[in-house]
Amino acid sequence: MSISISSAFDSGNIRVLSITDTASGPRAELEIVTDHQSDFYQWFHFRLANAAGQDVELAIVNGARSAYPDGWSGYSARVSEDRENWFLADTSYTDGTLTIRLTPDSNAVWIAYFAPYSMERHHDLIAWAAGQPGVVHRELGLTLDGQPMDMLTLGDGPKQVWLYARQHPGETMAQWWMEGALERLCDEEDAVARLLRQKATIHLVPNMNPDGSRRGHLRTNAAGVNLNREWHEPSAERSPEVLLVRNAMDESGVHFAMDVHGDEAIPAVFIAGFDGIPSITERQSQLYHRYRDTLAQRTPDFQTRLGYPVASAGKANLSMSTNQVAERFGAVAMTLEMPFKDNDDLPDADYGWSPARSMQLAKDCLAVLAEMIDDL
């Protein structure tokens, strides 16, 4: 029986060009499909079937024109036979082709750009968290595809904290981070959680882009819009997700905000701030750097050497979430980036950067927030 490749499921993405039998085993040529109404692509997620015991070669041939071709060098795809444990696959990149080689033990195996976080798991997370003591669930509205925009709020302190993730749906490590954050915040015996819930009101949006998540997009929503370029002027027609969340922020105000993402190219965890916003204050800047430097002291999975270029004075892009929130509310805001590759300072040969490490990082981030919550 010949091998089969399919992606007609939640967050699936691949196009099969050809499947051939070679002397060394089956070989498939594949393409990643662009986001709907967009040229962005890099996320892939598909199932390989009928391949147990065979040496299979999967060649994704359109890597050179992807959103971030520099992200393929040193990258390894993730593979799973149980959809719970995602291991690094034998992966190489040459002349625009990403080649994945594997010999499955099972007749059904899943391959993805990073460990997926399905919309079904999202609903399980919402259901669990909404049932925890002191947690309030609110549906802010609906997306263009008619999916709910979920927000969870807990704590009753005066500091307004906003944590939100997955504006770019293919950056699934961001929602694994959110699961870790909720796990800690909902633990009534955790001292960090108890302190934060006493000192702050914490608003969490675990998935900013449900439509792109279900559709298998890398970067955009159902209209092909990059949500992290909509924060200056969101609209119900193009970016209801941002409009709904920003309106809720206007209701509460914001003292601290973290926008959680993944980065394709840089093999490290880092944060980006709001340098260059017109109204930046010394206090904002000092608190941002204090948070960044303290996190670097607390966990070896975070560093400050690698990151994005800093905007010059007055040149910040206010269409981006972190800049808009810092400018709009005078908040200490930041973008957290985790790697698709690994933290090269502390690599894991089996898993690379992983869901477990994303979840642990969230707990470390909350501990640093607790140290400085009174000063925000």
Side-chain angles (χ1 to χ4, degrees), residues 1-33 41-63 66 71-72 74-94 97-122 124 169-173 175-176 179 213-218 262 264 339-342 347-359:
M1 188 178 296
S2 61
I3 67 169
S4 172
I5 294 172
S6 60
S7 61
F9 47 77
D10 184 347
S11 79
N13 183 318
I14 208 68
R15 178 184 293 121
V16 179
L17 302 179
S18 66
I19 296 176
T20 56
D21 289 321
T22 72
S24 57
R27 183 178 191 274
E29 288 202 351
L30 311 168
E31 282 186 343
I32 305 172
V33 181
Y41 69 88
Q42 194 129 355
W43 170 263
F44 58 87
H45 180 200
F46 57 92
R47 192 181 86 160
L48 169 66
N50 303 335
Q54 301 184 70
D55 297 329
V56 180
E57 183 174 285
L58 306 168
I60 298 175
V61 299
N62 62 339
S66 64
W72 298 126
Y75 162 79
S76 294
R78 272 51 169 198
V79 60
S80 176
E81 295 188 357
D82 60 9
R83 300 204 304 160
E84 290 291 332
N85 299 288
W86 292 84
F87 295 93
L88 299 179
D90 179 3
T91 309
S92 61
Y93 181 70
T94 307
T97 296
L98 186 78
T99 303
I100 305 164
R101 297 176 178 86
L102 67 161
T103 308
D105 292 326
S106 169
N107 261 336
V109 59
W110 285 260
I111 299 99
Y113 187 32
F114 192 81
Y117 200 104
S118 72
M119 286 308 299
E120 283 304 306
R121 189 179 184 104
H122 167 83
D124 288 342
E171 298 166 11
T172 55
M173 61 283 288
Q175 194 159 6
W176 288 109
E179 184 171 316
S213 299
R214 192 182 295 278
R215 285 170 173 260
H217 286 188
L218 170 74
E264 289 78 4
F340 280 87
K341 297 177 181 179
D342 201 349
D348 185 320
D350 294 323
Y351 297 99
W353 189 256
S354 66
R357 292 171 81 180
S358 303
M359 293 172 71

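- Qualifying side chain to side chain contact (heavy atoms under 4.5 Å, CB included) partners for S106, counting only residues two or more places apart in sequence or in other chains: E81, A108.
- Closest approach of W43 to I32, counting heavy atoms only: O-CG2, 3.1 Å.
- In this structure, the side chains of L30 and F44 stay at 4.5 Å or more apart for every pair of heavy atoms.
- Each of Y117, W176, W353 was compared with S358 under the side chain to side chain donor-acceptor pair (under 3.5 Å) criterion, and only W353 meets it.
- For Y41, there are no ring pair (Phe, Tyr, Trp, His ring centres under 6.0 Å) partners, not counting sequence neighbours.
- In this structure, E171 and F114 have side chains that are not in contact, with every pair of non-hydrogen atoms separated by 4.5 Å or more.
- Two residues are said to be in side-chain contact when any heavy atoms from C-beta on lie closer than 4.5 Å; W110 and F46 fail this criterion.
- Applying the side chain to side chain donor-acceptor pair (under 3.5 Å) test to every pair with at least one member in residues 7-16, sequence neighbours left out, gives these pairs: S11-H45, R15-E31.
- Considering all non-hydrogen atoms of both residues, A89 and V79 come closest at CB-CG1, 4.0 Å.
- Remark: Y75 pairs with W72, Y113 by the ring pair (Phe, Tyr, Trp, His ring centres under 6.0 Å) rule, at least two apart or across chains.
- The side-chain hydrogen bond (donor to acceptor under 3.5 Å, both in side chains) check on W86 picks up nothing, with sequence neighbours excluded.
- Closest of all the heavy-atom pairs between Q54 and P26 is OE1-CG, 3.2 Å.
- Residues forming a side chain to side chain contact (heavy atoms under 4.5 Å, CB included) with E57 (at least two apart in sequence, or on another chain): R27, T99, R101.
- R121 is listed as a side-chain neighbour of E179, based on a closest heavy-atom distance under 4.5 Å.
- Residues satisfying the side chain to side chain contact (heavy atoms under 4.5 Å, CB included) criterion with S4, sequence neighbours excluded, are A49, N50.
- Under the side-chain contact (heavy atoms from CB on, under 4.5 Å) rule, L102 has a single partner from V109, D90, T91, which is V109.
- Looking at heavy atoms from C-beta onward, R78 lies in side-chain contact with L88 at the 4.5 angstrom threshold.
- Remark: the backbone N or O of A51 is paired with a side-chain donor or acceptor of N107 at under 3.5 angstrom.
- Listed by chain and number, the residues in a side-chain hydrogen bond (donor to acceptor under 3.5 Å, both in side chains) with D350 amount to none (sequence neighbours excluded).
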Determine, stepwise, if the pair S80 / N85 fulfils side-chain hydrogen bond (donor to acceptor under 3.5 Å, both in side chains). CA-CA 6 Å; S80 176; N85 299 288; over 6 Å; no
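- Listed here is the closest heavy atom pair of I100 and A77: CD1-CB, 3.7 Å.
- The side chain to side chain contact (heavy atoms under 4.5 Å, CB included) check on A356 picks up S354, with sequence neighbours excluded.
- R214 pairs by the salt bridge (charged side-chain N to carboxylate O under 4.0 Å, His left out) definition with nothing, not counting sequence neighbours.
- Qualifying salt bridge (charged side-chain N to carboxylate O under 4.0 Å, His left out) partners for R83, counting only residues two or more places apart in sequence or in other chains: none.
- Partners of R357 under the salt bridge (charged side-chain N to carboxylate O under 4.0 Å, His left out) rule, at least two apart in sequence or in another chain, are D301, D342.
- Residues I14 and I111 are not in side-chain contact: their nearest non-hydrogen atoms beyond the backbone lie 4.5 Å or more apart.
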